[in-house]
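Below is one structure, written out as structure tokens; comments come after it.
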Amino acid sequence: MKKILSLLLAAALTLSLAACGGPKDAPGGAEGSTLVYGSADYTRINPAMDEHCEINALLFNGLTAHDGDNQVTPGLAERWEYDEETCTYTFHIRDGIKWHDGEPFTAEDCVWFYNVVCLNKLDSKGVRNCHKDANGDPAVVEKVDDTTFTVTFGTPKYDFIEALTVDLKWHYAPKHIFEDICQKILDGDEAGAIAAGKELTGVEFSDTGALGKETLYYFWNYSGIPTLNPYVLSTEDGKNNIKGEYYEFVRNPYYWKTDANGQQLPYMDKIVYTTVQNVDQTLMLLLDGTVDYQTIAVQDAPTVLEAEQTSGTKINLYEWAGAEWGSAAHQVHLNLGIADANKNALFNNADFRQAMSICVDREALASALTDGWQEGGQAAPQEGTLGYSEEWSKKWTEYDVEKAKTLFESAGLVMGSDGFYDFADGSDFELNIVSVAELNAAETFSLLDTYYRAAGIKCNFRDYDRSYIDNELMAGSLECMLYPVTPIGDVSIALKPNSMVPGYATNVAWYGTMKKDTATGDLLELINLKEELDKTADADARNEIVNKMLKLHEENQWTLGYVAATPAIHAVNARIHNFPNSLVWSDIYRDMGIARCQCWYIQE
């Protein structure tokens, strides 16, 4: 499948400019310069889960940013320095930047956001890990002048710039808009804050918690809130409801970036989001030219290439690698921190995990679930990403039911009279697997269950709404999860340890509520290595620690994957230029944010 897909894409891919150094005649802001994006159908997808990622990822502008080579580059901050003696970073904001309402953007917006919003957790997120020192204490953020502020830690924070680029996303809010609302919240004037929030957004929030989360964290969803992004949500009625079937993000007249020729960005007038109800509609709208851009499934790529021959609409396909360890939809996470003593011991036994892995025919499973477009695989780094090895990608992937049964018994299970394994003390063993209802994992479970039962493992499955799953994850009470909310894997275990190191998130199924004081063995060693990494300045030494952390994952295979990951395929009308190819789809890079939509332009 990979070779066939590569040939298909090679025939379709075209060269694109990687930066905003486009042709001198690139149209900027011309009337009618509009890109139409085929947005997800939010009548079917739970907005609380998806968080409109295709919107925010395209639009974010932070103090810093990643380039296509995984290097941190200046953003709103034009430069910074680090004083190792005082553990202080000094940021210098670009002069002359304005919010899209025309008000000046200054260091005060950055300092106020941290000291008022983050320290008081008014945006529901609070102080991010990037702003915590080795002891877990928050940094001190102070203003120097209108374009300068400092961030001081109690202990050395060598990876702060990289962590900031990943962890915080922005580090600012328009103080001139939110100062009054936030003060009302801090003063306990809930009615006054909610009324002010309604005046700002037109929405009457249920409480100040919802008000803060929606306006200070999901600010791009409300047209009354100024941003620094290249495109801003329209203020026109009928064009500014991001939960509706149609909405527009229009060019920010005060956007601060220019291209290599000195032309103000963004080039295009606006990005229109139109709801796409199903796959067939996606392909039809792409091919008739109604939609300019849509991310499509791998199996739909040949259809697009074949149909464009008769439709007359040229579509370019761009392949981006993913960062997750195998297909997220087919990962199984056993909770290694589960309270039940019998199951805790079993799940932490490598023989049990290996048996659960090899009792499944991956190739048959992948073929049945994906019509042959995906291959079997393991929860391991993808080729071309940090930590990849062919050996790891094939670890515990052979199909061997008899060996699996031997391993189950080695792990302490005993075959019962009903043909299913029990614990050695005679108590029944049943594996309770859950998933989020909106993810439609029931079909995957039904096939996995056939293999599990054939090997002697009795399973139960139930899917729940996201809010229930979130609560159970925070409580650490989920036993096993299929298609986890937070799949394991990302570009960097150092910068985004959430899914890979216990204690760094509250929504990771495989380690639950486990932290350093409850971890043992290699899990404790993994946590200790991360703490050592945070205190290490030398680049070579840091790389050595990262490799040790990844090796622990390879040796233990704490999570199971059954289907290999596939690339993200972006189908883009050929009239759209400067769309980059061969990047990596990762939250570290803000997913589509690394594509720099402000640099795209339209030329028929």
Side-chain angles (χ1 to χ4, degrees), residues 325-336 338 340 342-370 372 374-380 391-424 427-435 441-462 478-484 487-488 509-510 553-565:
W325 293 359
S327 167
H330 310 102
Q331 286 184 13
V332 169
H333 289 198
L334 298 159
N335 183 356
L336 304 184
I338 192 72
D340 183 284
N342 278 341
K343 290 182 176 179
N344 186 296
L346 187 65
F347 296 169
N348 279 279
N349 190 306
D351 285 347
F352 176 77
R353 297 194 301 276
Q354 182 178 359
M356 290 293 291
S357 185
I358 67 173
C359 73
V360 174
D361 185 340
R362 282 170 166 74
E363 298 308 324
L365 178 77
S367 179
L369 290 172
T370 69
Q374 289 175 257
E375 300 172 338
Q378 185 55 276
E391 182 180 359
W392 188 358
S393 71
K394 295 179 179 180
K395 184 181 178 71
W396 297 351
T397 59
E398 73 274 17
Y399 178 44
D400 192 333
V401 177
E402 292 308 311
K403 182 178 179 180
K405 289 182 177 180
T406 299
L407 288 166
F408 283 136
E409 291 165 10
S410 174
L413 295 177
V414 177
M415 181 61 73
S417 58
D418 59 356
F420 293 104
Y421 281 107
D422 298 325
F423 288 110
S427 59
D428 290 339
F429 169 59
E430 293 186 9
L431 184 62
N432 298 304
I433 303 176
V434 302
S435 188
E443 181 184 2
T444 300
F445 169 75
S446 67
L447 293 178
L448 283 173
D449 189 44
T450 301
Y451 291 110
Y452 290 159
R453 286 178 175 270
I457 300 299
K458 184 184 294 185
C459 298
N460 303 305
F461 176 77
R462 185 171 176 181
L478 291 185
E479 182 176 309
C480 179
M481 192 165 189
L482 171 63
Y483 202 157
I488 193 168
W510 74 267
H553 270 284
E554 180 180 357
E555 291 171 350
N556 288 277
Q557 199 63 59
W558 285 304
T559 61
L560 304 179
Y562 293 101
V563 176

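Owing to the predicted nature of the structure, the values given are computational and were not obtained by experimental measurement.
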Exercise for the section: Would you kindly say whether Tyr562 and Gln331 are connected by a side-chain donor-acceptor distance under 3.5 Å? Expected result: no
Handout entry: Distance-only side-chain donor-acceptor flag, Ser357 / Gln378, under 3.5 Å
Key = yes
Practice task
Using modelled atom types only, decide if a donor and an acceptor are shared between the side chain of Ser446 and the backbone of Glu443 within a distance under 3.5 Å.
Solution key: yes
Exercise for the section: Give a yes or no on whether the backbone of Glu479 and the side-chain of Asn432 come within a donor-acceptor separation of less than 3.5 Å. Expected result: no
Problem - Arg362 bridged to Glu375 by N-O distance under 4.0 Å - result: no
Nearest 0.5 Å, what's the [atom1]-[atom2] distance between [X] and [Y]?
{"X": "Leu334", "Y": "Asn344", "atom1": "CG", "atom2": "CG", "answer": "11.0 Å"}
{"X": "Asn348", "Y": "Arg353", "atom1": "CG", "atom2": "CZ", "answer": "6.5 Å"}
{"X": "Asp340", "Y": "Phe429", "atom1": "CG", "atom2": "CZ", "answer": "9.5 Å"}
{"X": "Phe352", "Y": "Ser410", "atom1": "CZ", "atom2": "OG", "answer": "12.5 Å"}

Exercise for the section: Report the residue from Leu413, Asn349, Val414 that forms a side chain to side chain contact (heavy atoms under 4.5 Å, CB included) with Phe408. Expected result: Leu413
Exercise for the section: For Thr450, check side chain to side chain donor-acceptor pair (under 3.5 Å) against everything at least two apart and list the hits. Expected result: none
Practice task
Side-chain contact test, heavy atoms from C-beta onward, threshold under 4.5 Å: evaluate it for Phe423 versus Leu346 and give yes or no.
Solution key: yes
What heavy-atom pair brings [X] and [Y] nearest, and what distance separates the two atoms?
{"X": "Lys343", "Y": "Glu430", "value": "NZ-O, 2.9 Å"}
{"X": "Cys480", "Y": "Val332", "value": "SG-CG1, 3.5 Å"}
{"X": "Ala379", "Y": "Trp392", "value": "O-NE1, 3.9 Å"}
{"X": "Ile457", "Y": "Met356", "value": "CG1-SD, 4.2 Å"}

Exercise for the section: Kindly check if the number of other-residue, nucleotide or ligand heavy atoms within 6.0 Å of CZ (Arg462) is above 12? Expected result: no
Exercise for the section: Would you confirm whether the ring centroid of Trp558 sits within less than 6.0 angstrom of the ring centroid of His333? Expected result: no
